[in-house]
Amino acid sequence: MTGVHEVEVVVAHSERATVRVGDVYLKIDPDQGRADVEVEAMALAPVTTPRILWRNPPVLALAALPGRALGRLGEPSNASPGAWAAAGAAVRTLHDAPLPPWPGRSLDELATRLDRECAWLVTNAVLPTDLVTRNRHIAEAALRPWTPVFTHGDLQADHVFVEQEEVTGVLDWSEAARGDALFDLAMLTLGHEEHLGDVLAGYGGDVDLDVVRAWWSWRSLVVIRWLAEHGFDPAAPGCEVDVLRARM
């Protein structure tokens, strides 16, 4: 990092922060349990992950990945259909891998969170009741038994880096766990529904599209309060509120 004079704040809120200094990302997370999961998940994952340069809690230093993010929520993706298909193939590789040794969230936990967040949205008049009710009904289709796989758990499009039509790496593994394969596919395509077919072309196999759509609604409903409380705008064009409106 010799000669580097600028620090770029990638993301920062009360729970954690990530800054970039040259070709190094510094992740600052006081929750060492979450950081431990990230480090172990990257070691186990059968896809390319950032190289760990050093770790001095609460800081984890990671080498930058080549290429650029597949997409960003609220912005059109400039990545080709082939790049999205490559991302789908990488997700399949992850899902076919041995399970991580730690469990994921239970159905009861997911249902309880949906109940709690929907009640908060309606009680505080954050969203129209009919919008919440409609999407809650859709989201319930995701809350069914599934065969657990190795999931990333927060597979947003901006966590997948590509160069032309090749995945160069996947970031941010702190939510990795045993989980529903279709949740990862939903997270990857959240706000990028036009690329779902490309992702599935790379992923292969039969996928229940209604469950993918259900996870879009579940995720958008449960994250709005957290986003608002941490300085993000879920009502920005193309973001979570628009995802919910698209289901009406």
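Numbers here are sequence positions counted from 1.
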[atom1]/[X] to [atom2]/[Y] distance, rounded to the nearest 0.5 angstrom?
{"X": "Leu200", "Y": "Leu185", "atom1": "CG", "atom2": "CG", "result": "6.5 Å"}
{"X": "Leu107", "Y": "Leu143", "atom1": "CG", "atom2": "CG", "result": "6.5 Å"}
{"X": "Glu193", "Y": "Arg213", "atom1": "CD", "atom2": "CZ", "result": "8.0 Å"}
{"X": "Arg225", "Y": "His230", "atom1": "CZ", "atom2": "NE2", "result": "11.5 Å"}

Distance-minimising heavy-atom pair for [X] and [Y]:
{"X": "Ser77", "Y": "His195", "answer": "CB-NE2, 4.1 Å"}
{"X": "Trp173", "Y": "Glu38", "answer": "N-OE2, 3.3 Å"}
{"X": "Gly238", "Y": "Leu73", "answer": "O-CD1, 3.6 Å"}
{"X": "Ala90", "Y": "Val167", "answer": "CB-CG2, 4.3 Å"}
{"X": "Thr168", "Y": "Glu163", "answer": "CG2-CB, 3.6 Å"}

*Are the side chains of Trp84 and Glu194 in touch, meaning some heavy atoms are under 4.5 Å apart?*
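They are not in contact (no side-chain heavy atoms under 4.5 Å apart), so the answer is no.
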
*Do the side chains of Asp233 and Leu227 get nearer than 4.5 Å, heavy atoms only?*
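Side-chain contact under 4.5 Å: no.
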
For the side chain of [X] and the backbone of [Y], is there at least one donor-acceptor N/O pair under 3.5 Å apart?
{"X": "Glu15", "Y": "Ala12", "answer": "no"}
{"X": "Arg247", "Y": "Ser217", "answer": "no"}
{"X": "Asp184", "Y": "Gly153", "answer": "yes"}
{"X": "Asp180", "Y": "Leu182", "answer": "yes"}
{"X": "Arg178", "Y": "Pro100", "answer": "yes"}
{"X": "Trp102", "Y": "Ala176", "answer": "yes"}
{"X": "Thr151", "Y": "Ala177", "answer": "yes"}
{"X": "Asn135", "Y": "Leu244", "answer": "yes"}

*Could you tell me which residues satisfy salt bridge (Lys or Arg N to Asp or Glu O under 4.0 Å) with Glu165, sequence neighbours excluded, listed by chain and number?*
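By the salt bridge (Lys or Arg N to Asp or Glu O under 4.0 Å) rule, Glu165 matches no residue at all.
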
*Could you tell me which residues satisfy salt bridge (Lys or Arg N to Asp or Glu O under 4.0 Å) with Arg55, sequence neighbours excluded, listed by chain and number?*
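By the salt bridge (Lys or Arg N to Asp or Glu O under 4.0 Å) rule, Arg55 matches Asp36.
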
*Supply the members, apart from Leu65, of the Ile/Leu/Val/Met/Phe/Trp/Tyr cluster built from side-chain contacts under 4.5 Å; use none for a lone residue.*
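When side chains under 4.5 Å apart are linked, the cluster holding Leu65 also contains Phe161, Leu171.
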
*Which of these, Phe150, Trp146, Tyr203, sits in a ring-ring contact (aromatic ring centres under 6.0 Å, His included) with His95?*
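Of all the options given, the one that passes is Tyr203.
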
Cluster link [X] to [Y], ILVMFWY, side chain under 4.5 Å:
{"X": "Val122", "Y": "Leu221", "result": "yes"}
{"X": "Leu99", "Y": "Leu44", "result": "no"}
{"X": "Val9", "Y": "Leu62", "result": "no"}
{"X": "Leu60", "Y": "Val21", "result": "no"}

*Could you go step by step and tell me if Asp108 and Arg105 meet the salt bridge (charged side-chain N to carboxylate O under 4.0 Å, His left out) rule?*
CA-CA 8 Å; Asp108 285 345; Arg105 293 168 294 182; over 6 Å; no

*Glu140 and Arg136: salt bridge (charged side-chain N to carboxylate O under 4.0 Å, His left out), yes or no, with the steps?*
CA-CA 6 Å; Glu140 288 171 350; Arg136 178 175 179 169; 3.7 Å; yes

*asked:* side-chain contact (heavy atoms from CB on, under 4.5 Å) for Arg245 and Val241? Distances and angles first, verdict last.
replied: CA-CA 6 Å; Arg245 288 176 177 147; Val241 174; 3.5 Å; yes

*Just do the salt bridge (charged side-chain N to carboxylate O under 4.0 Å, His left out) check on Arg219 and Asp154 with the steps written out, would you?*
CA-CA 10 Å; Arg219 168 71 179 190; Asp154 191 22; 3.6 Å; yes

*Would you sort out whether Met187 and His152 count as a side-chain contact (heavy atoms from CB on, under 4.5 Å), showing the intermediate values?*
CA-CA 10 Å; Met187 284 299 303; His152 179 279; over 6 Å; no

_More than 12 heavy atoms from other groups under 6.0 Å of NE2 on His137_ =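 Counting neighbours around NE2 of His137, 12 or fewer heavy atoms of other residues, nucleotides or ligands fall under 6.0 Å, so no.
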
